[in-house]
Number of protein chains: 2
Amino acid sequence: MARIPVEERREALIDAAFRVIGEQGLSRASTRAIVAEAGMSLASFHYAFESRDQLLELLITEVLASEQRAILPADLKGKSLTELLTEGLQGYLDHLRADPGREQAMLELTQYALRSALPLAEGQYAQYTRFALESLELAARQTDSEWTVPTPVVARLLVALTDGFTISWLIDRDDAHARASVEAAATAIASLATSKRRSQQ
Amino acid sequence: MARIPVEERREALIDAAFRVIGEQGLSRASTRAIVAEAGMSLASFHYAFESRDQLLELLITEVLASEQRAILPADLKGKSLTELLTEGLQGYLDHLRADPGREQAMLELTQYALRSALPLAEGQYAQYTRFALESLELAARQTDSEWTVPTPVVARLLVALTDGFTISWLIDRDDAHARASVEAAATAIASLATSKRRSQQ
DNA sequence: GTCTATACACCGATAGAC
DNA sequence: GTCTATCGGTGTATAGAC
């Protein structure tokens with residue numbers, strides 16, 4: 001076979017691993033299944049990585065880190081806080097619906113990290129929460145609102161909500177119900193802020 | 001060894017399996033690990049069950065079904081809707097803190113059911129949601145409130161929230177942060193109901 | 001019915017030819 | 001560097017003695 005730089009091989013294997021996990025689950029993502037997906041021989045795996053655990057560790061840090069759960073819509077102008085939250089969460093649901101295996105893989109990898117006592121999940125979640133926090137602050141500025149609860153607390157709530165919605169949807173795949181719950185959630189979270197505009201409340 | 005009725009053996013094995021999963025995770029819950037925990041020989045396993053999958057299937061239906069996530073406190077009297085929701089969610093967090101492995105096992109089993117295309121997770125979640133719905137209706141009655149959003153929608157939101165909080169807490173084990181988010185969540189959800197009492201809003 | 005011993009598939013990882 | 005072939009270990013499941 002053609003000679004491929006190690007870095008490139010590593011990248012290809014990580015991508016292949018993530019695809020296998022998304023399609024078949026972590027428990028079926030053996031080294032053999034991964035190299036088959038990548039079109040490589042088994043030995044190439046251990047030329048690129050020390051062990052399967054090392055690949056998973058890199059997979060978690062790299063792939064989970066690249067997951068920038070967009071929680072705000074692209075166009076922020078002229079929308080109420082509830083609308084921003086609704087559209088943001090709705091956008092996340094669309095992303096989930098487009099590639100359910102991806103989010104299912106995320107959940108499995110998170111649990112794997114928890115069981116392996118890898119301190120990866122913690123850092124990853126801290127980053128999600130930080131990102132949610134920035135989104136919430138931006139949304140408040142944009143709508144002349146003020147959170148009546150410390151923003152990090154609302155951020156944690158928002159992150160928990162997306163995880164919970166993910167599980168619910170993966171189980172019943174009920175788009176209509178999910179949409180309705182997202183709207184209710186957006187309304188509920190928006191109630192934790194007060195508007196400084198006369199036009200509202 | 002003493003002769004044990006098959007039914008009793010099955011029950012002991014299911015209990016043992018659940019303990020192993022809680023302590024070490026589903027991936028490490030091999031038939032050997034399970035029989036070791038139950039103090040039996042390997043052959044006893046296959047005398048009681050056709051396969052490991054069959055045990056897991058029964059485990060999911062029986063154990064998950066017995067999980068009656070108590071979402072309301074015991075004493076309902078004289079409390080506001082926000083207080084009821086706060087105490088209910090707080091009680092769930094206490095339950096989680098008391099035995100984290102249990103809820104972690106639940107999550108792993110749910111994902112296993114999803115991957116195996118067992119229609120079990122769906123039914124189980126429908127039951128959780130039904131139970132949450134009843135709790136929400138009871139709480140509304142008790143506080144002379146009325147949900148402004150269809151109750152099943154709020155129920156789904158509540159179930160998603162508990163799942164999300166479970167994941168968050170399992171990852172960072174931050175009690176103070178969890179408590180604060182639960183309070184915020186209770187306030188937010190309560191905003192989806194209007195009170196019929198003059199004393200409130 | 002319950003055990004020990006074992007079959008057989010698959011796992012992660014490696015040796016050694018090329 | 002890349003491959004095929006194989007090692008040692010563990011998994012589920014079963015055969016057969018008692």
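Letters A, B, ... are given to chains in the order of the sequence lines, protein chains preceding strands, and every chain is numbered from 1.
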Let me know the distance between [atom1] of [X] and [atom2] of [N], rounded to the nearest Å.
| X | N | atom1 | atom2 | answer |
| --- | --- | --- | --- | --- |
| Met40(B) | dT4(C) | CE | C1' | 17 Å |
| Arg10(B) | dT2(C) | CZ | P | 12 Å |
| Arg28(B) | dC11(C) | CZ | P | 18 Å |
| Phe45(B) | dA13(D) | CZ | C1' | 10 Å |
| Glu7(A) | dG1(D) | CD | C1' | 16 Å |
| Ile34(B) | dT10(D) | CD1 | P | 17 Å |

Practice item. Drop me the distance from Glu108(A)'s CD to Tyr112(B)'s OH, to the nearest 0.5 angstrom. Key: 12.5 Å
Point to revise | Gap separating the CZ atom of Arg141(A) from the CG atom of Leu136(A), nearest 0.5 angstrom | key: 11.0 Å
Exercise for review: Could you tell me whether the side chains of Tyr92(A) and Thr166(A) share a donor-acceptor contact shorter than 3.5 Å?
Suggested key: yes
**Study point:** Side-chain donor-acceptor contact under 3.5 Å, Tyr125(B) with Thr110(B)
**Key:** no
Review point. With a 4.0 Å cut-off on heavy atoms, is Leu42(A) in touch with a base, just the backbone sugar-phosphate, or nothing at all?
Key: base
When you measure from the side chain of [X], which nucleotide among [options] comes out closest?
| X | options | result |
| --- | --- | --- |
| Arg3(B) | dC3(D), dG1(C), dC3(C) | dG1(C) |
| Ala43(B) | dT2(C), dT14(D), dA13(C) | dT14(D) |
| His46(A) | dT2(D), dA13(C), dC3(D) | dA13(C) |
| Tyr47(A) | dG11(D), dT2(D), dC11(C) | dT2(D) |

Between [X] and [N], is there a contact of a side-chain N or O with OP1 or OP2 at under 4.0 Å?
| X | N | value |
| --- | --- | --- |
| Ser30(B) | dG11(D) | yes |
| Ser44(B) | dT2(C) | no |
| Arg9(B) | dT2(C) | yes |

Check your understanding: Within the side chain of Ser195(B), is there an N or O that forms a donor-acceptor pair under 3.5 Å with the backbone of Ser145(B)?
Key -> no
Exercise for review: Evaluate whether atom CD of Gln142(B) has more than 12 neighbouring non-hydrogen atoms of other residues, nucleotides or ligands under 6.0 angstrom away.
Suggested key: yes
Practice item. Inspect the surroundings of CZ in Arg28(B) and state if more than 12 heavy atoms from other residues, nucleotides or ligands are less than 6.0 Å away. Key: no
Check your understanding: Can you list, by residue number, the residues of residues 49-59 of chain B that have a non-hydrogen atom closer than 4.0 angstrom to DNA chain C?
Key -> none
